[in-house]
Amino acid sequence: ADPMQDLPTRRATYADLLAAPPNLVAEILEGCLVTHPRPAPRHSNAASVLCGILNPTFQLGRGGPGGWWILQEPELHLDDDVAIPELGGWRRERMPRLPDTAWFELAPDWACEVLSPSTRRYDKGEKRDLYARHGVAHLWHVDPPERLLEVFELTGGKWLLWRTFRDDEEMAAPPFTAVPFRLGLLWAD
């Protein structure tokens, strides 16, 4: 079923988001409340492993440059929209400390969406457009069933596909080029 189909015409509010059933992920995209199931195990594994690869090197500075906050499922409040990417990353020079709120009003420098049947359409549509409007410089789309990762860079307000990595290729992609890793680590095989 298409989560954007038959949506109400009134703009969703944060109260609508909070009223969503606890077993669903709820977001507000282009004024509409969008819900979908919690991630499936392969989806969740890909996001967890990727965070585990990036965090030591780019957040903690172990064997790499550090200088980032990399978080799982950060709640982004971008104007009237509320988006929850699987992973979000902020350069510490832009966000020296984490906010005291339960959400972020500063758009990340990097977002990562793990595509699933229930989210693919708006991850590649409304959410990608939202990230571009708010100047997110880098976007990764991870697709576990297809065993690929697409890397996008925001150039002149438009997304450009930088490269697609497949299967078990060694990869290093913007903004995390300092330490390569095998893409196959993300697939639960």
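Heavy atoms only: backbone and side chains are in, while hydrogens, waters and symmetry mates are out.
- Here E27 contributes atom CD and C32 contributes atom SG; the two are 12.5 Å apart, rounded to the nearest 0.5 Å.
- Counting heavy atoms from C-beta on, the side chains of C112 and P85 never come closer than 4.5 Å.
- Between L154 and W159 the shortest side-chain heavy-atom distance falls below 4.5 Å.
- Interatomic distance, I28 CD1 to I84 CD1, rounded to the nearest 0.5 Å: 9.5 Å.
- Proximity of L24 to H36: side-chain heavy atoms (C-beta onward) are nowhere separated by under 4.5 Å.
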### Query
Which is it for V151 and H138 under the side-chain contact (heavy atoms from CB on, under 4.5 Å) test, yes or no, and what are the steps along the way?
CA-CA 7 Å; V151 176; H138 305 278; 6.0 Å; no

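- If you take CG on D109 and CD on E93, they are separated by 7.5 Å, rounding to the nearest 0.5 Å.
- No single ILVMFWY cluster, assembled from side-chain heavy atoms under 4.5 Å apart, contains both L139 and I53.
- Side chains of E113 and Y122: no donor on one and acceptor on the other come within 3.5 Å.
- For D81 and K127, the salt-bridge test fails: no basic side-chain N is under 4.0 Å from an acidic carboxylate O.
- Here R133 does not pair with D79 in a salt bridge; the nearest charged N to carboxylate O distance is not below 4.0 Å.
- Nearest approach of A172 to W162, heavy atoms of both residues: O-CH2, 3.8 Å.
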#### Entry: side-chain contact (heavy atoms from CB on, under 4.5 Å) assessment of Q72 paired with E86
CA-CA 6 Å; Q72 292 185 298; E86 268 71 31; over 6 Å; no

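- Closest approach of V82 to L29, counting heavy atoms only: O-CD2, 4.2 Å.
- Between W90 and F104, the ring center distance clears the sub-6.0 Å criterion.
- T57 approaches V179 most closely through the heavy-atom pair CG2-CG2, 3.3 Å.
- Side chain of E146 to main chain of D143: no donor-acceptor pair is present (N/O by atom type, distance under 3.5 Å, no hydrogens or angles).
- In this structure, E105 and P99 have side chains that are not in contact, with every pair of non-hydrogen atoms separated by 4.5 Å or more.
- Following chains of ILVMFWY side-chain contacts shorter than 4.5 Å, one cannot reach L161 starting from F176, and the two form parts of different hydrophobic clusters.
- Within the 4.5 Å cutoff, the side chain of Y131 has heavy atoms near those of the L76 side chain.
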### Task
Verify side-chain contact (heavy atoms from CB on, under 4.5 Å) between V49 and F181, making sure each step is shown before the conclusion.
CA-CA 11 Å; V49 170; F181 65 92; over 6 Å; no

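- F152 and H141 have their aromatic ring centers within a separation under 6.0 angstrom.
- Residues V136 and L87 do not share a hydrophobic cluster, defined by chaining ILVMFWY side chains whose heavy atoms lie under 4.5 Å apart.
- Of all heavy-atom pairs spanning R91 and P175, the tightest one is NH2-CB, 3.6 Å.
- Under the 4.5 Å side-chain heavy-atom criterion for Ile, Leu, Val, Met, Phe, Trp and Tyr, L71 and L50 are members of distinct hydrophobic clusters.
- The line from CG of L115 to CZ of R120 is 5.0 Å long, rounded to the nearest 0.5 Å.
- With hydrogens and angles ignored, the 3.5 Å screen pairs a side-chain donor or acceptor of W140 with a backbone N or O of P174.
- Inter-residue side-chain proximity for L183 and L185 is flagged as unmet; no heavy-atom pair is nearer than 4.5 Å.
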#### Entry: Verdict with reasoning, K124 to D129, per salt bridge (charged side-chain N to carboxylate O under 4.0 Å, His left out)
CA-CA 8 Å; K124 292 182 140 219; D129 293 346; over 6 Å; no

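- Within the 3.5 Å criterion, the main-chain N or O of L149 finds no donor-acceptor partner in the side chain of R166.
- The existence of a salt bridge linking R121 and E126 is confirmed by a sub-4.0 Å separation between a basic side-chain nitrogen and an acidic carboxylate oxygen.
- Closest of all the heavy-atom pairs between S116 and H43 is CB-ND1, 3.5 Å.
- Using a 4.0 Å cut-off between charged nitrogen and carboxylate oxygen, R38 and E73 count as a salt-bridge pair.
- The two residues P56 and C51 come nearest to each other via the heavy atoms CD-O, 4.3 Å.
- In this structure, the side chains of K158 and T155 stay at 4.5 Å or more apart for every pair of heavy atoms.
- Rounding to the nearest 0.5 angstrom, the gap separating the CG atom in D16 from the CG atom in L18 is 9.0 Å.
- Heavy-atom neighbours of D168 CG from other residues, nucleotides or ligands within 6.0 Å: above the threshold of 12.
- H77 has its ring centre less than 6.0 Å from the ring centre of Y14.
- For the atom pair F165 CZ and L186 CG, the distance stands at 12.0 Å (nearest 0.5 Å).
- If you chain together hydrophobic residues whose side chains sit under 4.5 Å apart, L106 and I70 never meet in one group.
- A cation-pi contact links R92 to W69, judged by a cut-off of 6.0 Å to the six-membered ring centre and 45° from its axis.
- Between the side chain of S44 and the backbone N or O of A40 there is no donor-acceptor pair closer than 3.5 Å.
- D123 and R128 are not joined by a salt bridge, as no carboxylate oxygen comes within less than 4.0 angstrom of a charged side-chain nitrogen.
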